[in-house]
Amino acid sequence: QVQLVESGGGAVQTGGSLTLSCAASGNIASVKKMGWYRQAPGKRRELVATLPNGGSATYADSAKGRFTISRDNARNTVYLKMNSMKPEDTAVYYCNAEVAVAVGNLDAWGQGTLVTVVS
């Protein structure tokens with residue numbers, strides 16, 4: 001079993017900053033890729049940023065220049081630093097990880113954390 005536990009969501013004012021964290025735990029051989037997705041009310045879940053192990057980050061156009069994804073591989077933890085936040089960033093943010101386990105690879109998701117940007 002693999003668990004992803006997110007933290008750091010909440011309410012922030014327009015132009016403010018927020019940092020999300022997500023820690024992976026369980027029977028993990030290695031964590032290949034970690035990332036963040038979000039889903040706003042009435043919309044489909046969309047990519048925010050991903051970061052493969054030893055690779056370069058990929059960002060959605062809406063996140064470029066404002067958000068930064070980083071990892072602490074020793075702790076199997078991924079972070080999303082969000083700056084200059086806008087009301088359209090309001091969404092439930094989900095952590096995602098591609099994890100190698102004993103029987104193969106597993107695509108794991110966190111439970112989601114709500115981020116609300118108020119004007």
Side-chain angles (χ1 to χ4, degrees):
Q1 296 287 348
V2 175
Q3 298 84 35
L4 300 183
V5 179
E6 300 135 336
S7 60
V12 62
Q13 290 191 327
T14 298
S17 298
L18 206 61
T19 299
L20 305 180
S21 302
C22 171
S25 63
N27 296 322
I28 298 171
S30 64
V31 180
K32 296 186 173 183
K33 181 190 292 186
M34 299 190 83
W36 293 93
Y37 291 72
R38 68 185 183 186
Q39 187 168 17
K43 295 188 176 181
R44 298 176 64 180
R45 189 174 298 188
E46 63 179 8
L47 168 74
V48 178
T50 61
L51 183 58
N53 193 10
S56 300
T58 299
Y59 293 95
D61 287 344
S62 58
K64 288 178 182 176
R66 299 189 301 125
F67 295 1
T68 302
I69 188 171
S70 60
R71 288 175 61 166
D72 182 341
N73 290 332
R75 292 179 170 83
N76 288 333
T77 299
V78 64
Y79 304 94
L80 185 68
K81 171 70 170 176
M82 302 182 287
N83 296 323
S84 303
M85 296 190 72
K86 307 173 182 180
E88 50 264 44
D89 293 323
T90 295
V92 176
Y93 284 70
Y94 295 92
C95 176
N96 172 256
E98 182 181 343
V99 178
V101 295
V103 294
N105 293 335
L106 180 68
D107 191 39
W109 290 89
Q111 78 284 357
T113 185
L114 178 63
V115 172
T116 303
V117 184
V118 298
S119 54

If you round to the nearest 0.5 Å, how far is [atom2] of [Y] from [atom1] of [X]?
{"X": "Ser119", "Y": "Gln13", "atom1": "OG", "atom2": "CD", "value": "9.0 Å"}
{"X": "Thr58", "Y": "Leu47", "atom1": "OG1", "atom2": "CG", "value": "7.5 Å"}
{"X": "Ser25", "Y": "Arg75", "atom1": "OG", "atom2": "CZ", "value": "14.5 Å"}
{"X": "Thr113", "Y": "Trp36", "atom1": "OG1", "atom2": "CH2", "value": "7.5 Å"}

Q.
If you apply the rule side-chain contact (heavy atoms from CB on, under 4.5 Å), what do you find for Thr68 with Tyr59, and how did you get there?
A. CA-CA 9 Å; Thr68 302; Tyr59 293 95; 3.9 Å; yes
Between [X] and [Y], what is the shortest heavy-atom contact and its length?
{"X": "Arg71", "Y": "Asn53", "answer": "NH1-N, 3.1 Å"}
{"X": "Leu4", "Y": "Cys22", "answer": "CB-SG, 3.9 Å"}
{"X": "Val92", "Y": "Gly112", "answer": "CG1-CA, 3.8 Å"}
{"X": "Glu6", "Y": "Gly110", "answer": "OE2-CA, 3.4 Å"}
{"X": "Met82", "Y": "Val115", "answer": "CE-CG2, 4.2 Å"}
{"X": "Asn83", "Y": "Ser17", "answer": "OD1-OG, 2.8 Å"}

**Q.** Heavy atoms from other residues, nucleotides or ligands near CD of Gln1 exceed 12 (cutoff 6.0 Å)
**A.**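 Atom CD in Gln1 is not crowded, with 12 or fewer foreign heavy atoms closer than 6.0 Å.
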Below 4.5 Å, heavy atoms only, C-beta onward: do [X] and [Y] meet side chain to side chain?
{"X": "Cys95", "Y": "Val78", "result": "yes"}
{"X": "Val12", "Y": "Val118", "result": "no"}
{"X": "Tyr79", "Y": "Leu20", "result": "no"}

(Q) Between Thr50 (side chain only) and Met34 (backbone N and O only), is there a donor and an acceptor less than 3.5 Å apart? (A)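 No; zero donor-acceptor contacts below 3.5 Å.
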(Q) Cation-pi check for Tyr94 against Arg38: NZ or CZ below 6.0 Å from the six-membered ring centre and within 45 degrees of the axis, yes or no? (A)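 Negative - Arg38 is either too far from the ring of Tyr94 or too far off its axis.
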Q | Working for side-chain contact (heavy atoms from CB on, under 4.5 Å), residues Asn27 and Val101 | A | CA-CA 6 Å; Asn27 296 322; Val101 295; 5.5 Å; no
Q: Could you walk me through whether Asp61 and Lys64 pass the salt bridge (charged side-chain N to carboxylate O under 4.0 Å, His left out) test, one step at a time?
A: CA-CA 5 Å; Asp61 287 344; Lys64 288 178 182 176; 3.1 Å; yes
Q) Does a donor on one side chain sit under 3.5 Å from an acceptor on the other, for Lys32 and Asn105? A)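 The answer is yes; a qualifying pair exists.
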Q) Sequence neighbours excluded, which residues qualify as ring-ring contact (aromatic ring centres under 6.0 Å, His included) partners of Tyr37? A)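 ring-ring contact (aromatic ring centres under 6.0 Å, His included) list for Tyr37, sorted by chain: Trp109.
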Q: Report the C-alpha distance between Leu80 and Thr19 in whole Å, list the side-chain angles of each, state the deciding distance to 0.1 Å, and finish with yes or no for side-chain contact (heavy atoms from CB on, under 4.5 Å).
A: CA-CA 5 Å; Leu80 185 68; Thr19 299; over 6 Å; no
(Q) Determine whether Asp89 and Arg66 satisfy the following criterion, side-chain contact (heavy atoms from CB on, under 4.5 Å), listing intermediate values before the conclusion. (A) CA-CA 11 Å; Asp89 293 323; Arg66 299 189 301 125; 2.8 Å; yes
